[in-house]
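Because only heavy atoms are used, hydrogens play no part in the values below, and waters and symmetry mates are left out as well, while side chains stay in.
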Amino acid sequence: MLNPIDTTAVIRDGGAVGHYPGQIHQAVGWWLGACLIVTMKTSRLAVAHDGHPVSVGFADRLSRGAINAEHYACHVRHLGQQPEAELLAAANAFEAPAARVSTGAANGTDTVRIRLYTPHGTLLDEANGLAAIRDLIDRDRVPIPVNTQAKGTIESWPPTSADGTRP
């Protein structure tokens, strides 16, 4: 692993939490996206963020990790800036797990929180996937694509119209 993290300190509370930069970096988003897809054995994911520039970067990396997870050819619906309730409603309609990235600033330090949800809208915990994700990262077994045909797609949701606006 090129840039390790303290997984016990960071992979917790339903996903990942840490000071940025420092405890957490954007590759963690990629790792979580790929590991979530493999752990949930799914080919769909809904992703949103709170609009903070740091969150946007982490959400992008998480989405890219998800579409590159082994043979799953994951289809990511990226909802952009959305509150948790909207993300979970979309994930439920899409029948997919979900991830939401938020960033809070205090005393000049950004704290990034990535929350991971099951397809039923339940926050991940030790029993339903978080321990498995932490273990994959600990053992440097973050999933990678098996071939180019296995790469998934990222779609802005809702889709934009021809003039670039969203309905």
Side-chain angles (χ1 to χ4, degrees), residues 1-70 72-84 86-88 90-91 94 96-105 109-119 121 123-125 128-145 150-157:
M1 187 179 307
L2 294 175
N3 198 355
I5 61 167
D6 179 349
T7 56
T8 303
V10 173
I11 309 298
R12 60 184 171 86
D13 299 337
V17 181
H19 297 296
Y20 174 77
Q23 294 174 314
I24 195 169
H25 49 80
Q26 287 191 348
V28 174
W30 180 289
W31 301 345
L32 289 175
C35 291
L36 179 63
I37 297 309
V38 171
T39 300
M40 294 280 128
K41 297 178 176 26
T42 186
S43 61
R44 292 179 278 201
L45 179 66
V47 176
H49 56 75
D50 65 355
H52 190 284
V54 171
S55 299
V56 172
F58 272 85
D60 177 64
R61 293 295 291 268
L62 189 144
S63 297
R64 288 200 252 157
I67 68 169
N68 283 289
E70 292 183 349
Y72 287 92
C74 182
H75 178 75
V76 173
R77 282 194 176 164
H78 198 297
L79 284 74
Q81 183 178 349
Q82 294 294 330
E84 179 184 57
E86 292 296 323
L87 169 66
L88 295 178
F94 192 39
R100 185 169 188 277
V101 183
S102 60
T103 303
T109 302
D110 288 330
T111 299
V112 175
R113 177 177 299 275
I114 303 171
R115 296 175 63 92
L116 306 174
Y117 301 90
T118 69
L123 194 61
L124 255 61
D125 61 26
N128 68 4
L130 198 60
I133 290 170
R134 184 184 310 106
D135 184 59
L136 286 168
I137 294 170
D138 268 340
R139 294 185 301 118
D140 197 18
R141 306 306 279 167
V142 174
I144 59 173
K151 187 172 183 174
T153 59
I154 300 171
E155 172 187 32
S156 293
W157 196 260

For this session: Taking all heavy atoms of Ala91 and all of Pro97, pick out the closest pair and write down the distance.
Result: CB-O, 4.3 Å
For this session: Any chance you could lay out the side-chain contact (heavy atoms from CB on, under 4.5 Å) test for Leu45 and Leu62, step after step, and finish with the verdict?
Result: CA-CA 10 Å; Leu45 179 66; Leu62 189 144; 3.8 Å; yes
Exercise. Distance from Asp13 atom CG to Arg113 atom CZ, nearest 0.5 Å?
Worked result: 5.5 Å
Problem set entry | Test applied, side-chain contact (heavy atoms from CB on, under 4.5 Å); reference residue, Leu36; option that passes from Thr118, Leu130, Leu116 | Leu116
Problem set entry | Check against side-chain hydrogen bond (donor to acceptor under 3.5 Å, both in side chains), Asp138 and Thr7 | CA-CA 7 Å; Asp138 268 340; Thr7 56; 2.4 Å; yes
Seminar exercise, completed: When every non-hydrogen atom of Ser43 is compared with those of Tyr72, the smallest separation belongs to CB-O, 3.3 Å
Exercise. At what distance, to the nearest 0.5 angstrom, does CD of Glu70 lie from NZ of Lys41?
Worked result: 9.0 Å
For this session: Examine the side chains of Ser156 and His78 and answer whether a donor and an acceptor come within less than 3.5 Å of each other.
Result: no
Seminar exercise, completed: dist Gln81:CD -> Arg100:CZ (nearest 0.5 Å) comes out at 8.0 Å
Exercise. Atom NE2 in His49, atom CG in Asp60: separation rounded to 0.5 Å?
Worked result: 9.0 Å
Problem set entry | Heavy-atom check, side chain of Met40 versus side chain of Leu124, under 4.5 Å | yes
Exercise. Can you tell if the side chain of Pro119 reaches within under 4.5 Å of the side chain of Thr42, non-hydrogen atoms only?
Worked result: no
For this session: State, to 0.1 Å, how close Pro143 and Ala69 come at their nearest heavy-atom pair, and which atoms those are.
Result: CB-CA, 4.3 Å
For this session: Look at the side chain of Arg77 and the backbone N and O of Trp157, then say whether any donor-acceptor pair between them is shorter than 3.5 Å.
Result: no
Exercise. Is it the case that Ser55 and Asp50 place a side-chain donor and acceptor less than 3.5 Å from each other?
Worked result: yes
Exercise. side-chain contact (heavy atoms from CB on, under 4.5 Å) between Ile67 and Thr153: does it pass, once the steps are laid out?
Worked result: CA-CA 6 Å; Ile67 68 169; Thr153 59; 5.6 Å; no
Seminar exercise, completed: Separation between CZ (Phe58) and CD1 (Ile114), nearest 0.5 Å, reads 6.0 Å
Problem set entry | Pair Trp31 + His25: ring centers closer than 6.0 Å | yes
Exercise. With a 4.5 Å limit on heavy-atom distance, are the side chains of Ile24 and Ile5 in contact?
Worked result: no
Problem set entry | Minimum heavy-atom distance between Gln82 and Ala48, given as atom pair plus value | CB-CB, 3.9 Å
Seminar exercise, completed: Nearest heavy-atom contact between Leu87 and Ala99 is CD2-O, 3.5 Å
Exercise. Are side-chain heavy atoms of Tyr20 and Thr103 found at a separation under 4.5 Å?
Worked result: no
For this session: Find the distance between OG (Ser63) and CD (Glu155) and round it off to the nearest 0.5 Å.
Result: 12.0 Å
Exercise. Looking at side-chain heavy atoms only, is the closest gap between Val38 and Val142 below 4.5 Å?
Worked result: no
